[in-house]
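What follows is a single structure, and I will ask about it in a moment.
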Amino acid sequence: MTAREFNQSVARAQRVADGQPVMITRRGEPAYVLLSIGDYERLRPAALTEDTRSFLDVVRPLPEGADPDDVFGQIMDEIAADRSRDFGREIDL
């Protein structure tokens, strides 16, 4: 599914991800995979099941001394930049 299709129908992507991983592409290249929590838990290494790490630690380790709030701000800036180039979908009137 393309990133645009995903943005237009998140609920559909969630329904499909209940049964299988959903690959989301950006400009024709694989960019993300949406998994059910069950699939995610099966893929996650056992060492990460301890309640000692944050989600950001699991997804992308923070550089030494980095502030998690700054990382969140950077992620939000990336999302805003992507959305600024998305002019929505075409509709037939």
Side-chain angles (χ1 to χ4, degrees):
M1 133 179 306
T2 67
R4 180 174 284 190
E5 290 169 334
F6 174 78
N7 287 330
Q8 291 171 354
S9 186
V10 173
R12 179 175 157 252
Q14 289 171 331
R15 282 191 304 274
V16 173
D18 283 336
Q20 65 187 22
V22 177
M23 182 174 297
I24 302 167
T25 61
R26 180 181 288 153
R27 296 179 191 92
E29 296 293 322
Y32 307 97
V33 175
L34 179 65
L35 301 171
S36 69
I37 193 66
D39 288 342
Y40 171 76
E41 291 296 334
R42 279 189 292 282
L43 291 172
R44 190 171 136 172
L48 299 178
T49 59
E50 298 173 16
D51 195 26
T52 59
R53 300 181 82 184
S54 74
F55 183 71
L56 285 177
D57 291 332
V58 173
V59 174
R60 178 176 22 164
L62 294 175
E64 188 69 33
D67 181 354
D69 290 333
D70 290 340
V71 173
F72 179 76
Q74 291 171 356
I75 292 168
M76 293 307 293
D77 289 345
E78 290 174 18
I79 291 170
D82 286 346
R83 296 206 103 184
S84 70
R85 293 186 294 271
D86 184 0
F87 299 108
R89 62 182 180 201
E90 294 181 22
I91 60 170
D92 293 324
L93 297 176

Is there a chain of hydrophobic side chains (I, L, V, M, F, W, Y, each step under 4.5 Å between heavy atoms) that links Tyr32 to Leu35?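 Shared cluster, no.
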Measure the spacing between CD of Gln20 and OG of Ser36 and express it to the nearest 0.5 Å.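 Rounded to the nearest 0.5 Å, the CD-OG separation comes to 10.5 Å.
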Using a strict threshold of under 4.0 Å (side-chain N to carboxylate O), is an ion pair present between Arg42 and Asp39?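 Yes, Asp39 and Arg42 are salt-bridged.
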What distance do Thr2 atom OG1 and Gln8 atom CD have between them, rounded to the nearest 0.5 Å?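 Those atoms lie 7.0 Å apart.
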Under the side chain to side chain contact (heavy atoms under 4.5 Å, CB included) criterion, do Leu34 and Phe6 qualify, and how do the steps go? CA-CA 10 Å; Leu34 179 65; Phe6 174 78; 4.0 Å; yes
When clusters are formed by joining ILVMFWY residues with side-chain heavy atoms under 4.5 Å apart, either directly or through shared neighbours, do Val33 and Met1 land in the same one?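 The answer is no; the residues belong to distinct hydrophobic clusters.
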